[in-house]
Amino acid sequence: MTSRMPAIILLGPPGAGKGTQAKKLEDRFGLVQLSTGDLLRDAVARQSDAGKAAQAVMEAGELVGDDIVIAILNERISAPDCLAGVILDGFPRTTLQAEALDALLRERGDRVDCAISLEVDDEAMIDRISGRYTCDRCGEGYHERYKRPLKDGACDKCGCQKFRRRADDNADTVRRRLVAYHAETADLVEHYDEMGVLAHVDAMQDIDSVQGLLRDLVQPLVTEALGTREAMDVSA
Ligand code: ADP
Ligand code: ADP
Ligand code: ZN
């Protein structure tokens, strides 16, 4: 018998805070963060076939083809650790991806429990992306003004003193990513509204306040899934 795997989606434009918040939810609830951006950057670094196909598209700020992204996501979500529950960050980004995810979850007796739209205005988005950088070793995310390391110049998580910026976090590419967002991804809000699983969160507040709002939404879903699992174990 399949067990219930909580599946939560974070929707929102580039820079909204999806990655930052997903990592914190992962730490708090033991959910697995699935970021197609991270999976694709990893594929590019390894120069796998998918990575070679995606590299130029990502550098241009356009969307990688649905086939590639769905295959990567499908492989990752099927790993046993994901049974703890997943928090999707940056996927789905097109209607086709959303429908593929619905089908994939349905096959396993699962479903999207909640799609949370992180709402930020355009100015904040640009401000967040232009100050974003990450630890070179562990990938922990930082911001020049809003999330500085506790000890200047060293990563809070691993102590590494080398940081990097993403190649696609430049003004030109960001503009194109925003266009792609409005053309392809913004409509997904409606998809999840129709499914009755949409929630909105004001993501203009500081990182911890936004996390508080998200925890209030996610906690009951995790509790419910655990209850369902226990009931299944008893009947098994
Ligand atoms: P996304 O994954 O949606 O593209 P990130 O989580 O990478 O966005 O956040 C973009 C940048 O903004 C990062 O540098 C992060 O530290 C910072 N950030 C995230 N959330 C907030 C917030 N609520 N207030 C201020 N800065 C934030
Ligand atoms: P951000 O949250 O800042 O927009 P991501 O790390 O999610 O950035 O994505 C970086 C790039 O990777 C995107 O601009 C796009 O080229 C590619 N990408 C990531 N996820 C997807 C997806 N679900 N579908 C298509 N392309 C994707
Ligand atoms: Zn680190």
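When a ligand or atom number is given, it counts from 1 through the structure's own listing order. Please read these numbers as outputs of a predicted model, since none were measured by experiment. For this chain, numbers begin at 1 and follow the sequence in order.
Residue contacts with ligand 1: Gly12 is excluded, as none of its non-hydrogen atoms falls under 4.0 Å. At least one heavy atom of Arg132 sits closer than 4.0 Å to an atom of ligand 2.
With ligand atoms numbered from 1 in the order given, ligand 2 contributes 20 (N), 21 (C), 22 (C), 23 (N) to contacts under 4.0 Å with heavy atoms of Gly90. Interface atoms of ligand 2 facing Arg41, defined by a heavy-atom separation under 4.0 Å, are 6 (O), 10 (C). Taking a cut-off of under 4.0 Å to the non-hydrogen atoms of Gly37, the atoms of ligand 2 that pass are 5 (P), 6 (O), 9 (O), 19 (C), 20 (N).
By the 3.5 Å distance cut-off applied to N or O atoms, Gly19 is counted among the residues near ligand 1. Where the criterion is an N or O separation shorter than 3.5 Å, residue side chain and backbone included, Asp38 fails it with respect to ligand 2. The N/O atoms of Gly131, backbone and side chain alike, include none that comes under 3.5 Å of an N/O atom in ligand 1. At under 3.5 Å, not a single nitrogen or oxygen of Tyr146, backbone or side chain, sits near a nitrogen or oxygen of ligand 1. Checked against a 3.5 angstrom limit, the closest N/O atoms of Pro92 and ligand 2 fall outside it. The shortest N or O to N or O distance between Lys18 and ligand 1 is under 3.5 Å. For ligand 2, the polar-atom distance check against Asp168 finds no nitrogen or oxygen pair separated by under 3.5 Å. Checked against a 3.5 angstrom limit, the closest N/O atoms of Val57 and ligand 2 fall outside it. Of the N or O atoms in Asp89, none lie within a sub-3.5 Å distance of an N or O in ligand 2. Residue Ala16 has at least one nitrogen or oxygen atom sitting less than 3.5 Å from a nitrogen or oxygen atom of ligand 1, judged on distance alone. Checked against a 3.5 angstrom limit, the closest N/O atoms of Tyr142 and ligand 1 fall inside it.
Among Lys24, Arg128, Met125, the residue whose heavy atom sits closest to atom 11 (C) of ligand 1 is Arg128. Nearest-heavy-atom check against atom 21 (C) of ligand 1 across Val210, Ile207, Asp127 picks out Ile207. Across the listed options Glu140, Arg148, Gln205, Gln205 owns the non-hydrogen atom lying nearest to atom 23 (N) of ligand 1.
The protein heavy-atom contact nearest to atom 12 (O) of ligand 2 is Met58 CE, 3.4 Å. Taking atom 10 (C) of ligand 2 as the reference point, the nearest protein heavy-atom neighbour is Arg166 NH2, 3.5 Å. In terms of protein heavy-atom proximity, atom 9 (O) of ligand 2 is closest to Arg93 NH2, 3.5 Å. Nearest protein heavy-atom contact of atom 19 (C) of ligand 1 is Thr20 OG1, 3.6 Å. Nearest protein neighbour of atom 4 (O) of ligand 1, counting heavy atoms only, is Gly15 N, 2.8 Å. Looking from atom 15 (C) of ligand 2 to the surrounding protein, the closest heavy atom is Glu62 O, 3.4 Å. With hydrogens left out, the protein atom closest to atom 8 (O) of ligand 1 is Gly17 N, 3.2 Å, a heavy atom. Atom 16 (O) of ligand 1 has its closest protein heavy atom at His143 CB, 3.5 Å. In terms of protein heavy atoms, atom 24 (N) of ligand 2 is closest to Gln97 NE2, 2.9 Å. Closest to atom 20 (N) of ligand 2, if we only count protein heavy atoms, is Thr36 OG1, 2.8 Å. In terms of protein heavy-atom proximity, atom 18 (N) of ligand 2 is nearest to Leu40 CD1, 3.4 Å. For atom 26 (N) of ligand 2, the closest heavy atom belonging to the protein is Val64 N, 3.1 Å.
We find the CD-CZ distance between Gln211 and Arg215 to be 4.5 Å, quoted to the nearest 0.5 Å. Remark: Arg137 CZ to Lys157 NZ distance equals 14.0 Å, nearest 0.5 Å. Here the straight-line distance linking atom CD1 of Ile87 with atom OG of Ser35 works out to 11.5 Å at 0.5 Å rounding. Leu221 contributes atom CG, which lies 9.0 Å from atom CZ of Arg4 (distance to the nearest 0.5 angstrom). Taking CZ from Arg164 and SG from Cys135, the interatomic distance works out to 8.0 Å, rounded to the nearest 0.5 Å. Taking CG of Leu11 as the reference point, atom OH of Tyr181 lies at 6.5 Å (rounded to 0.5 Å).
The proximity of Met204 to ligand 1, defined as any non-hydrogen pair under 4.0 Å, does not occur for either the backbone or the side chain. When heavy-atom distances to ligand 2 are checked against a 4.0 Å cut-off, Arg177 comes that close only through its side chain, counted from C-beta outward. Residue Ile129 does not touch ligand 1, judged by heavy-atom distances below 4.0 Å. Within the 4.0 Å heavy-atom criterion, the part of Val69 lying near ligand 2 is the side chain and not the backbone.
Listed for the Lys52 side chain is no donor-acceptor partner under 3.5 Å among the backbone atoms of Val44. One N or O on the side chain of Arg176 and one on the backbone of Ala60 form a donor-acceptor pair closer than 3.5 Å. In this structure a side-chain-to-backbone donor-acceptor pair under 3.5 Å is missing from Asp113 to Ile8. A distance-only check finds no donor-acceptor pair linking the side chain of Thr134 to the backbone of Glu140 [under 3.5 Å]. Of the possible donor and acceptor atoms, none in the side chain of Asp152 sits under 3.5 Å from a partner among the backbone N and O of Pro149. In this structure, the side chain of Glu62 does not engage the main chain of Arg177 through any donor-acceptor pair within 3.5 Å. Counting only distance, with no hydrogens or angles, the side chain of Arg128 and the backbone of Ala16 share a donor-acceptor pair below 3.5 Å. Remark: side-chain polar atoms of Lys147 are paired, donor with acceptor, to backbone N or O of Gly141 under 3.5 angstrom. Checking side-chain atoms of Lys24 against main-chain N and O of Asp208 turns up no donor-acceptor pair under 3.5 Å. Between the side chain of Ser78 and the main chain of Asn74, a donor-acceptor pair closer than 3.5 Å is present.
A donor and an acceptor atom, one from each side chain of Tyr133 and Asp169, are nowhere located under 3.5 Å apart. Inspection of the Gln219 and Thr223 side chains reveals an N or O donor paired with an N or O acceptor under 3.5 Å. Between the side chains of Asp66 and Thr94, at least one donor N or O sits under 3.5 Å from an acceptor N or O.
The hydrophobic clustering, which links ILVMFWY residues whose side-chain heavy atoms are closer than 4.5 Å, places Ile68 and Leu96 together.
With a cut-off of 2.8 Å, the protein N/O/S atoms near the Zn ion (ligand 3) add up to 4.
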Could you tabulate the donor-acceptor pairs under 3.5 Å formed by side-chain atoms of residues 184-199, not counting sequence neighbours?
{"unit_1": "Thr185", "atom_1": "OG1", "unit_2": "Arg93", "atom_2": "O", "d": "2.8"}
{"unit_1": "His191", "atom_1": "NE2", "unit_2": "Asp102", "atom_2": "OD2", "d": "2.9"}

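Checked for salt-bridge contact, Asp110 and Arg106 miss the test: no charged N lies under 4.0 Å from a carboxylate O.
Residues Lys18 and Leu10 share a closest heavy-atom pair of O-CD1, 3.5 Å.
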